[in-house]
Amino acid sequence: MAIARTWKSHSVLPGFGLALGFTILYLSLIVLIPLSATFIKSAELSLGEFWAVVTAPRALASYRLSFGAAAIGALLNAGFGLLTAWILVRYTFPGKRLVDAFVDLPFALPTAVAGIALTAVYAPNGWLGQWLEPLGIKVAFTPLGVVVALTFIGLPFVVRTVQPVLEDLEAEIEEAAACLGANRWQTFARVLLPALWPALITGFALAFARAVGEYGSVVFIAGNMPMISEISPLLIITKLEQHEYAGATAIAVVMLVASFALLLVINSLQWWVSHRHGRKQ
Amino acid sequence: MLRNLLLATLLIPPLAYADGGKPILNVSYDVTREFFKEYNPKFVNYWQQKSGQTITINQSHGGSSKQARAVADGLEADVITMNQPGDIDILYQRGKLLPKDWQKRLPHASSPFTSTTVFLVRKGNPKKIKDWDDLAKPGVSVVIPNPKTSGNGKYSYLAAWGYAEKKYGGGDKARDFVTKLFRNVPVLDTGGRGATTTFVQRGIGDALLTFENEVQLIKNELGGSDFEVVYPSVSVLVEAPVAVVDKYADKHGTRATAQAYLEYLYSDEGQELAAKHYYRPRNEKVFAKYAAERFPDIALFSVDEVFGGWDKAQKIHFDNGGTFDQIYTK
């Protein structure tokens, strides 16, 4: 009873019970029921069969590629997304609004279109590919192509999570730091970055999660070779097309659990960082 | 004129319904687009004259196994036109959408025309690719769609295997040959059309392995002078089966139309059109008429002859842990 009162006492508006009920119903319909169907379907396999499917060499290679390329893509986006957000918030230049709008394009573009466009550009006879090929850099149809595609689709996440936080940080704070004798690097590392960390980590987590599940754009540029450039979602589709539904969901369950664990780690990191920062203030 | 056209478009749908001409959906594989684009209006005309009904035909294309799965999962196709019987057997095995003996319902095991797997190489054939052996040589790059997801790729795989078995003997020797060949494949697209794009537009590979009709289409329509067609000494007979999907055709009340749609494929008009699109017609007269110009002589073996049927071929070669998987895991 006492606990219930403290829950409710935070809000001036009534309707907590109804709102919570609706939230749970909504989440169940949209998220929990489809996800539990995945687990139930994979339960058609015995434990031994399940293990054999999810630890097959091809499956292991595909996890490495999917999670590895997604992490690299998200890291690249964390760096360059921060830079982009910085430019968009701190400076005015002609065409700024246009650049701002460009950032969202990877959200809006159908992923298949993105995949075909990237492949056309990076193929050995494409605009960029023909210059990279003589240097011995192959992008399209290699794991590097997967990284390129996953970086592309993850770009907006970091920019859009960091941007509002940066807007709230007034330039006066930087000036104050300078007045107090901080050099430029100290201002960035000691004043700005701690405030930006939580947003940056959230952006990284979103970009990473999006990239792990990405299928549409990757299959065009990856080459899809088993053991080399085959992503886990493609392995799932391949299994479906061989009418192995239980095997497909087994791989899906592994991805689901791994993604959940990774997001949990990232979120606790974010909580820890913001908590530490909060205490310092 | 424009007004008449507008009026016509307004009037057609209600009339069609009044005549009971319901639309039918043909779910097909990846490289039949051009054929059915031309065949459908012909059939609509024919059916209008014969039954007085004006119908529309909707098409769906994609990698054959994916398409078959879509129908098995509930895409309500009235007819299905695939490139290997296994993808239609699935409809019986999962959900009994049609009877087990569906292949007996139309002539030639329900396949109105055939094709085969041949090579397309770049102009001047710089790598001197003449036969299957040349594809397995080091330094040669070959584009083949993924045998796991595409019937087209399965045929290429089996053609190479059949060749090796004839030349080097079966078992391990055939497997070694096919392994060497597939080690030369840089990209595994999920369907035949994707492989064409990779070879033609992206400039990947020294040779493309795909159906004769697709190869000729590329040669004739996509910058023909940049490519040359190579017929190997021997290849696989591609039988493209068709079937009415009984459950959905009955549900939609389109069985008569669907049946006629498939039977018309066997008519002289249908066979002529097939030949025009480089499918080898079953009708011997039509075949003879076009053979010299379009269908070079090539020794063909069927999947039944060499592999004892699709069921067996699927189990040994393409199921999990089969010979195809072993190429990549060993």
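No other option in Thr198(B), Asn146(B), Asp87(B), Ile204(B) has as many heavy-atom pairs under 4.5 Å with chain A as Ile204(B). Highest contact tally toward chain B, considering only Pro57(A), Ala123(A), Ala120(A), is held by Ala120(A) [criterion: heavy-atom pairs under 4.5 Å].
Between Gly203(B) and Asn125(A), the closest heavy-atom pair is N-ND2, 3.5 Å. Closest of all the heavy-atom pairs between Leu188(B) and Pro226(A) is CD1-CD, 3.4 Å.
For chain B, the nearby parts of Thr119(A) are the backbone and the side chain; heavy atoms of each come within less than 4.5 Å. Contact of Glu244(A) with chain B is made through the side chain alone, with heavy-atom distances under 4.5 Å. Of the two parts of Asn320(B), the backbone and the side chain both hold a non-hydrogen atom closer than 4.5 Å to a non-hydrogen atom of chain A.
With rounding to the nearest 0.5 Å, the separation of CD1 in Ile237(A) from CZ in Arg69(B) is 6.5 Å. Here OG1 of Thr197(B) is found 9.0 Å from CZ of Phe220(A). Values are rounded to the nearest 0.5 Å. Atom CG of Leu240(A) is separated from atom NZ of Lys66(B) by 12.0 Å, given to the nearest 0.5 angstrom. Annotation: the span from Tyr328(B) atom OH to Met225(A) atom CE amounts to 3.5 Å, rounded to 0.5 Å. With values rounded to the nearest 0.5 angstrom, Gln201(B) atom CD is found 10.5 Å from Ile116(A) atom CD1.
For the pair Leu234(A)/Thr190(B), a side-chain contact is recorded, criterion being any heavy-atom separation below 4.5 Å from C-beta on.
Enclosure of atom NZ in Lys37(B) is not indicated, since only 12 or fewer non-hydrogen atoms of other residues, nucleotides or ligands lie within 6.0 angstrom. With a 6.0 Å radius and a threshold of 12 heavy atoms from other residues, nucleotides or ligands, Phe260(A) has its CZ atom at or below the threshold. Residue-environment remark: CG (Leu29(A)) exceeds the threshold of 12 foreign heavy atoms within 6.0 Å.
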Worked verdict on Tyr245(A) versus Arg94(B) for side chain to side chain donor-acceptor pair (under 3.5 Å): CA-CA 12 Å; Tyr245(A) 285 46; Arg94(B) 298 195 27 211; 3.0 Å; yes
